[in-house]
Protein chains: 2
Amino acid sequence: MIVILLYLQTNILSMINLLSNLKISVPDKIFIKDPESSDLGKRIIEHSILLIEEIGFDNFTFKKLGAKIGSNESSIYRYFESKHKLLLYLTSWYWAWIEYQLVFATHNIPNKKEQLFKAIEVVTKSIKEDVAFSHINEVVLNRIIVNEYSKSYLTKEVDNENEEGYFAIYKRLITRLSGIISNVDNSYEYPLSLASTIVEGALHQHFLKSHFRTITDCDQDITPTDFFTNLTIKVLNI
Amino acid sequence: MIVILLYLQTNILSMINLLSNLKISVPDKIFIKDPESSDLGKRIIEHSILLIEEIGFDNFTFKKLGAKIGSNESSIYRYFESKHKLLLYLTSWYWAWIEYQLVFATHNIPNKKEQLFKAIEVVTKSIKEDVAFSHINEVVLNRIIVNEYSKSYLTKEVDNENEEGYFAIYKRLITRLSGIISNVDNSYEYPLSLASTIVEGALHQHFLKSHFRTITDCDQDITPTDFFTNLTIKVLNI
DNA sequence: GAATTTATGATAGTAATACTATTATATTTG
DNA sequence: CAAATATAATAGTATTACTATCATAAATTC
């Protein structure tokens, strides 16, 4: 019993350690100065998440953020050249964090089907628990992704920014999921489209669940994870 | 032969007649003054579509539109209280037009499966031909929907605007498609989520095809219609 | 056909946004 | 302790997203 507890504790501690030491890496062209490198930078990230959730990205300004953190607008501009870049930072961070969980949660599952189910769960679930020891509130960040992610790429600058690598992490996540799908059914013709549909579609179902309840079956009992797991089972005939 | 030609011609003519007489109806709270009621109103609609396509919705302003149509910014404000309302108008018009096509194209198909395939085609295809005799360019409007539709509901005001009925047409379209799905397989548990996933997902696949080619299987040969038709066949086991 | 209503145009003005630039003042580091 | 670096404060600009007012043109009605 003590051995088991110790073992569990060691695992939990090593995971905490891993999570707090592991620096989620965001393409460095997105920021002017790395917000992880200073106290002000971390406060910018922490409170931008809370403020965007509160008033929405469209109403969010650096001036309002400055007021919230008792800092000056001009200081925030030393970290990000625009609020759009800050959104790119937050979304890249989020998808890197999801990718990390995907790799971590699936890598020691030998059964390919179970691996796929786990992967779908990771990319479609709503985040309920915050990893409390960082300045980033993942629960709130998840809600921002649902409401604002599309705005990061639905722009006239998307092709240039894509070339600069701003969407690399997201695309790598989709590619990974696609690979896990193909591992289960190598003959399926549309693994990339299925993967991108699951990830984007799950965000959309979460949105509908909160705002357009009449056009989704998702509710308190049925989750987007249930819907997309069922869909994938049928599409891959497993 | 003459009889057939005459018959075809009659059909085409009656369709042209139907299309040019049929006024696509948009919830009237969206506008201040109905743009269909005047020449200036029609020019506003016609050129807003072209200008939004050209510079993107984020960079679009009534001042720029005024310059384009040789009219004054203040005159445009007499039709729409904001550019957001104009986007709601354009998207409502688009979905009403798609809904019309859905009903028209499916209503005389007796076979339920074929009806579903036709419905999926209507909601997932990219528009290639403009119905030339109106001021609305449907090909360009379709591209605007792909790039801008999400912005119409990803706002802090979505719940209020939803109560005002601004998204009623879109929701009705999804409900219709859901009904067609249930007609084919009444035991399927997620007809609404599948319908909303097909419609939103098709827009997303069209976007990926143009901008993030590495995370979709759709290209010149494979269309979003192919992908979602195949997916639906497998999900409903038909 | 004059009077009146309605539609559009022109101009001005406001508060907020999305920044840039400059200078001053802390804080950290060699 | 000097020098470098980070942050704060202030000012300024062009643009946006409107509102308000007044003038004029066109259409409608009496």
Side-chain angles (χ1 to χ4, degrees), chain A residues 28-48 51-52 54-90 135 148 151-152 154-157 160-161, chain B residues 28-48 51-52 54-90 135 148 151-152 154-157 160-161:
Chain A
D28 63 6
K29 276 187 180 173
I30 288 180
F31 47 76
I32 297 169
K33 181 180 172 177
D34 186 355
E36 286 296 324
S37 71
S38 74
D39 191 64
L40 178 63
K42 286 175 195 155
R43 284 162 53 72
I44 288 171
I45 299 305
E46 180 182 0
H47 288 91
S48 66
L51 187 56
I52 290 171
E54 191 186 331
I55 63 177
F57 184 69
D58 298 341
N59 300 119
F60 170 87
T61 69
F62 283 177
K63 195 166 190 177
K64 289 173 187 170
L65 177 60
K68 198 120 193 170
I69 63 177
S71 181
N72 200 280
E73 193 189 2
S74 61
S75 303
I76 301 167
Y77 275 105
R78 294 244 165 60
Y79 287 84
F80 296 101
E81 69 181 64
S82 64
K83 71 172 184 170
H84 176 245
K85 285 286 178 76
L86 172 57
L87 182 61
L88 287 175
Y89 181 91
L90 296 178
H135 53 289
E148 320 286 0
K151 296 173 190 170
S152 75
L154 294 178
T155 69
K156 276 281 159 182
E157 296 77 35
N160 288 334
E161 293 187 346
Chain B
D28 63 5
K29 278 187 178 174
I30 288 180
F31 48 76
I32 297 168
K33 179 180 173 177
D34 186 356
E36 287 295 324
S37 72
S38 74
D39 192 62
L40 177 62
K42 286 175 196 155
R43 285 162 52 72
I44 288 170
I45 298 306
E46 179 182 0
H47 288 90
S48 67
L51 187 55
I52 290 171
E54 189 186 332
I55 64 177
F57 184 69
D58 299 340
N59 300 120
F60 171 87
T61 69
F62 282 177
K63 194 166 192 178
K64 290 174 186 170
L65 178 59
K68 198 121 193 169
I69 63 178
S71 179
N72 199 279
E73 194 189 1
S74 61
S75 303
I76 301 166
Y77 275 103
R78 294 236 170 65
Y79 287 83
F80 295 101
E81 71 181 62
S82 64
K83 71 172 184 169
H84 176 245
K85 285 285 177 74
L86 172 58
L87 181 61
L88 287 175
Y89 181 91
L90 295 178
H135 54 290
E148 321 287 1
K151 296 173 191 171
S152 75
L154 295 178
T155 69
K156 277 281 159 182
E157 295 78 36
N160 288 334
E161 293 187 347

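In what follows, every chain begins at residue 1, and chains take the letters A, B, ... in the order their sequences are listed. In this text the structure is predicted, and so the values were computed from the model without any measurement.
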Rounded off to whole Å, could you give me the CZ-to-P distance for the B:Arg43 and C:dT8 pair?
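Atom CZ in B:Arg43 sits about 11 Å away from atom P in C:dT8.
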Side-chain N or O of A:Ser38 versus OP1/OP2 of D:dT7: is the shortest distance under 4.0 Å?
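Yes, such a contact exists.
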Kindly say if A:Ser71 contacts the phosphate of D:dT7, meaning a side-chain N or O under 4.0 Å from OP1 or OP2.
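For D:dT7, OP1/OP2 do not have a side-chain N/O of A:Ser71 under 4.0 Å.
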Is B:Ile45 close to B:Leu86 at the side-chain level, that is, under 4.5 Å between some pair of heavy atoms?
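The answer is yes, as the side chains (C-beta and beyond) meet within the 4.5 Å cut-off.
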Is the phosphate of D:dA6 approached by A:Tyr79 (side-chain N or O, under 4.0 Å from OP1 or OP2)?
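For D:dA6, OP1/OP2 do not have a side-chain N/O of A:Tyr79 under 4.0 Å.
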Think A:Ser75 has a side-chain N or O under 4.0 angstrom from the OP1 or OP2 of D:dA8?
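For A:Ser75, the contact criterion (side-chain N or O under 4.0 Å from OP1 or OP2 of D:dA8) is met.
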Round to the nearest Å and state the distance from A:Phe80 atom CZ to C:dT20 atom P.
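Answer to the nearest Å: 15 Å.
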Can you tell me the distance, in whole Å, between the CZ atom of B:Phe60 and the P atom of D:dT15?
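Roughly 18 Å, once rounded to whole Å.
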Establish, from distance only, whether the side-chain atoms of B:Tyr89 and B:Ser48 form a donor-acceptor pair under 3.5 Å.
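The answer is no; no qualifying pair exists.
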Polar side chain donor-acceptor pair, B:His47 to B:Glu54, under 3.5 angstrom
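No, no side-chain donor-acceptor pair sits under 3.5 Å.
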Rounded to the nearest Å, what distance is computed from the CD1 atom of residue B:Ile44 to the C1' atom of nucleotide C:dA7?
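To the nearest whole Å, that distance equals 12 Å.
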Atom pairs under 3.5 Å, N or O on each side, protein against nucleotides 18-20 of chain D: can you list them with distances?
| residue | atom | partner | partner atom | Å |
| --- | --- | --- | --- | --- |
| D:dC18 | O5' | B:Tyr77 | OH | 3.3 |

Got B:Tyr79 and B:Leu40 here, is their nearest side-chain heavy-atom distance under 4.5 Å?
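Yes; the side chains approach each other to less than 4.5 Å.
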Whole angstroms only, please: what is the CZ-C1' distance between A:Arg78 and D:dA4?
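From A:Arg78 CZ to D:dA4 C1': 14 Å.
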List in chain and number order the residues that pass side-chain contact (heavy atoms from CB on, under 4.5 Å) with B:Ile55, two or more places apart in sequence or in another chain; answer none if no residue qualifies.
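Only B:Leu51, B:Asn59, B:Phe60, B:Lys64 meet the side-chain contact (heavy atoms from CB on, under 4.5 Å) criterion with B:Ile55.
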Looking at A:Phe57, does the NZ or CZ of A:Lys83 lie under 6.0 angstrom from its six-membered ring centre and within 45 degrees of the ring axis?
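Relative to the ring axis of A:Phe57, which defines the angle, A:Lys83 lies inside both limits.
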For B:Glu73, enumerate each residue passing the salt bridge (charged side-chain N to carboxylate O under 4.0 Å, His left out) test, keeping only those at least two apart in sequence or located in another chain.
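Residues passing salt bridge (charged side-chain N to carboxylate O under 4.0 Å, His left out) with B:Glu73: none at all.
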B:Asp39 CG to D:dA27 P, straight-line distance once rounded to whole Å
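In whole Å, D:dA27 P lies 10 Å from B:Asp39 CG.
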Please report, rounded to the nearest Å, how far the C1' atom of D:dA17 is from the CG atom of B:Asp58.
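Rounding to the nearest Å, CG of B:Asp58 and C1' of D:dA17 are 14 Å apart.
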Euclidean distance, atom NZ of residue A:Lys63 to atom P of C:dA15 [Å, nearest integer]
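Taking NZ of A:Lys63 and P of C:dA15, I get 13 Å after rounding.
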